[in-house]
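Count residues from 1 along the sequence. What you are looking at is a predicted structure, and each value in this text was computed from that prediction instead of being measured.
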Amino acid sequence: MKQKVLKPILLLMIGVLMCMIPMLGYFPMSESWFAALCSVKFMPVAAYPVMLATVFNYGGILAAMKYGTMMATTGICVGQYRKMSGNFSPFIAALIASIITVSLEAMDWAMNGMVYRELYGLAPIIMLTWSTTVIFSYFVKKFMWYVPKNTDYFSEMKREQIIKNDGMIRTSMAFKNLAANIQRMSNIEALPEVNMNGTIEQEIEGNLCRGCENGQIQYLERARLNYLWYNKILETREAMAIQLNEMADIMEHYTRPIYEGRKVLFGMEDYVKRKLREKKIVTRKISLCENEKGRFEVRILAKKKKRTEVRAELMEKTLSQALGRKMRMASSQAMELTNEFCEYFFLEEVNFMTISGSARRTREDEDRSGDNFTYMTMDSGQTFMSICDGMGSGRRAQSYSELVIDLLEQLLESGFGESTTLKLINSILLTGNQWQEPAAVDMALIDQYSGICQFLKMGAACTYIKRGNWVECIRSTSLPMGVLDEVDMETITKKLYDGDFVIMISDGIVDSLKCEDKEAAMGRIIMDIDTSSPREMAWEILSKSLEMAEGIPKDDMTVICTGIWDKIQ
């Protein structure tokens, strides 16, 4: 901080000295030094009145008018050049200063009656101004080492990020081309399939020995197996092409400039640093921005001062007061600061809180449930809940549904979008036993900032929203995951309010009800439950479903219940 104050003062003192050095009755060094100061932000504004006063003191009113005009014109021209080019070049600044100096000196000489043949005397002034401006500019640049080359921070960072990610973008395009070629190969090989039956008949007729019936059966069986393997190869290629396309999209997403879709908040770093320093927190780097949703995000490289104890709550409180918005630390961060610099990530506090509860029961004759479920609160300010119902029950169904749930958790927590996540998982299932191991997937993502809930359903049972004595059923007619090459997904969006509940159930719950309209019956059961505890609500739904099934679970039964409430700020 001392250097940032003392260095500009020293530059101003040198400027005063330059205005005190006359040469043949002129002050050419003042113009050169002022042009060099244009490389430092705000320095021309501070130096102009000081240098002008010095010239006036030593040269009088006329000299002050002439050199004041020179310096003002130079500052405006160099400033416009920097604004357009985004950079400062000592050579361009020297050229601008030389042209302005020579123009005004020539006007001065002409007004004093000097003839044109005597204007050759301006040549030394041109050479002196140009050379000294270049030398002074390099000196100022080295002296003020912390001054950035480019004041257009946003554009420069975007430009550097694009160059850095060029290789990733080329790799992404290569993946897309490879996927297109794989699909093209499948289309080419599929063309002869029209004549497959005729080819099989010709082969059978040419190789049968005098009407041998066993030979015909063998050739038909061989042809059937070849056909099945051929289709399996095509399906695997399609799955590979989908995976490559999705990976290419992911790479393109993460190679976008880091400031795209974000509004960087310049000018607040020093204020936040000072507030944290008052709380015995030492910071080295602070990044403040608004994300694409308009929410504050803060990254801080910080440590505590020695012999002090500082917890994360103090940083949250200090940031909230400084920024005027309630902030929270990411859940994965340590709750106490150390003596070493570490990076801490803070996000704007959410407007809603959620609590989840679950209940489950395994099919009567099985020791493992084919249903798997999850609910978690993510740092992005979303609550994620999901049930995956593996086809059938037992160990095999459990393995597939557990795989899907694990992948959902990992990909979503890593920042992948919902659509991309589901496409990747679907392509993985396609490479397995496609027709025998699909999985019904039910997902819900609750935005804790807005209360908007997005439901994504693939072959899943109904999901219910309970609001007081009112219940809404969200149905789906989509196919399970792992059946089609493209994900058959239904997306439904609903607004949730304080005190609402989202109830997600597996097929075993609905199938246990012995009535015609099972979905409506389940809605009445949920409507009659009077509790504010998500866990109790889940257990009551399971208990009443078992009662209607005479206490015998014919299928795996799973219930997840999530409640949403206004968060007390």
Side-chain angles (χ1 to χ4, degrees), residues 232-233 235-247 249-250 356 358-363 365-378 382-445 454-461 463 476 478-491 504-509 553 555-560 562:
K232 190 64 179 177
I233 291 172
E235 292 161 6
T236 305
R237 284 178 181 170
E238 288 295 324
M240 288 176 59
I242 292 171
Q243 287 179 344
L244 288 170
N245 272 319
E246 292 303 320
M247 288 302 299
D249 290 339
I250 292 166
S356 300
S358 60
R360 65 190 307 189
R361 184 72 181 270
T362 305
R363 180 176 161 177
D365 54 350
E366 293 286 352
D367 60 345
R368 295 174 182 267
S369 174
D371 296 346
N372 263 285
F373 67 93
T374 185
Y375 45 83
M376 61 182 183
T377 301
M378 300 185 290
Q382 290 179 307
T383 295
F384 169 62
M385 54 188 296
S386 177
I387 291 179
C388 179
D389 185 358
M391 293 299 103
S393 59
R395 186 185 299 270
R396 189 174 181 84
Q398 181 199 37
S399 299
Y400 272 86
S401 62
E402 186 177 24
L403 170 67
V404 172
I405 290 296
D406 287 345
L407 289 171
L408 283 172
E409 290 179 338
Q410 294 169 14
L411 294 174
L412 288 174
E413 277 190 309
S414 299
F416 285 66
E418 306 86 48
S419 177
T420 299
T421 296
L422 293 175
K423 287 179 182 179
L424 283 173
I425 297 174
N426 185 70
S427 64
I428 291 172
L429 292 181
L430 283 174
T431 59
N433 194 340
Q434 176 182 352
W435 294 107
Q436 297 179 10
E437 302 296 344
V441 178
D442 204 356
M443 288 174 54
L445 283 161
Q454 185 179 23
F455 298 93
L456 300 97
K457 306 178 75 66
M458 287 168 290
T463 301
S476 170
S478 58
L479 293 173
M481 179 181 287
V483 173
L484 301 176
D485 294 341
E486 296 294 330
V487 176
D488 184 21
M489 174 179 59
E490 283 190 61
T491 304
M504 196 174 283
I505 59 177
S506 64
D507 287 338
I509 296 290
D555 194 4
D556 300 316
M557 307 172 72
T558 304
V559 183
I560 304 177
T562 297

* If we ignore angles and hydrogens, is there a donor and acceptor under 3.5 Å between the side chains of Asp556 and Thr362? ->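 No, no side-chain donor-acceptor pair sits under 3.5 Å.
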
* Run the numbers on Phe384 and Thr374 for side chain to side chain contact (heavy atoms under 4.5 Å, CB included), then give the verdict. => CA-CA 8 Å; Phe384 169 62; Thr374 185; 3.5 Å; yes

* **Sequence-distant partners of Ala444, side-chain contact (heavy atoms from CB on, under 4.5 Å), two or more places apart** =>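 Ala444 satisfies side-chain contact (heavy atoms from CB on, under 4.5 Å) with Met385, Cys453, Phe455, Met504 once adjacent residues are dropped.
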
Measure the [atom1]-[atom2] distance between [X] and [Y] for me, rounded to the nearest 0.5 Å.
{"X": "Glu366", "Y": "Asp555", "atom1": "CD", "atom2": "CG", "result": "10.0 Å"}
{"X": "Ser369", "Y": "Glu402", "atom1": "OG", "atom2": "CD", "result": "11.0 Å"}
{"X": "Arg363", "Y": "Arg368", "atom1": "CZ", "atom2": "CZ", "result": "15.5 Å"}
{"X": "Asp371", "Y": "Ser358", "atom1": "CG", "atom2": "OG", "result": "12.0 Å"}
{"X": "Met443", "Y": "Thr491", "atom1": "CE", "atom2": "OG1", "result": "9.0 Å"}
{"X": "Ser386", "Y": "Leu456", "atom1": "OG", "atom2": "CG", "result": "9.5 Å"}

According to side chain to side chain donor-acceptor pair (under 3.5 Å), who are the partners of [X], at least two apart in sequence or on a separate chain?
{"X": "Thr383", "result": "Thr354, Gln448"}
{"X": "Arg361", "result": "none"}
{"X": "Asn372", "result": "Ser401"}
{"X": "Thr377", "result": "none"}

* To do: Determine, step by step, whether Asp442 and Lys457 satisfy the salt bridge (charged side-chain N to carboxylate O under 4.0 Å, His left out) criterion, reporting the C-alpha distance in whole Å, the side-chain angles of both residues, the deciding distance to 0.1 Å, and the verdict.
  => CA-CA 5 Å; Asp442 204 356; Lys457 306 178 75 66; 2.9 Å; yes

* Going by heavy atoms in the side chains, are Met458 and Glu490 under 4.5 Å from each other? ->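 A side-chain contact under 4.5 Å is absent here.
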
* Residues that Arg360 engages under salt bridge (charged side-chain N to carboxylate O under 4.0 Å, His left out), provided they are two or more places apart ->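 Salt bridge (charged side-chain N to carboxylate O under 4.0 Å, His left out) check on Arg360 returns nothing, list empty.
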
* Asked: Are any side-chain N or O atoms of Ser506 and backbone N or O atoms of Thr558, one a donor and one an acceptor, separated by less than 3.5 Å?
  ->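 Confirmed, Ser506 side chain pairs with Thr558 backbone.
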
* Picking from Leu408, Asp389, Ile387, what satisfies side chain to side chain contact (heavy atoms under 4.5 Å, CB included) with Val441? ->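 Going through the options one by one, the only one that passes is Leu408.
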
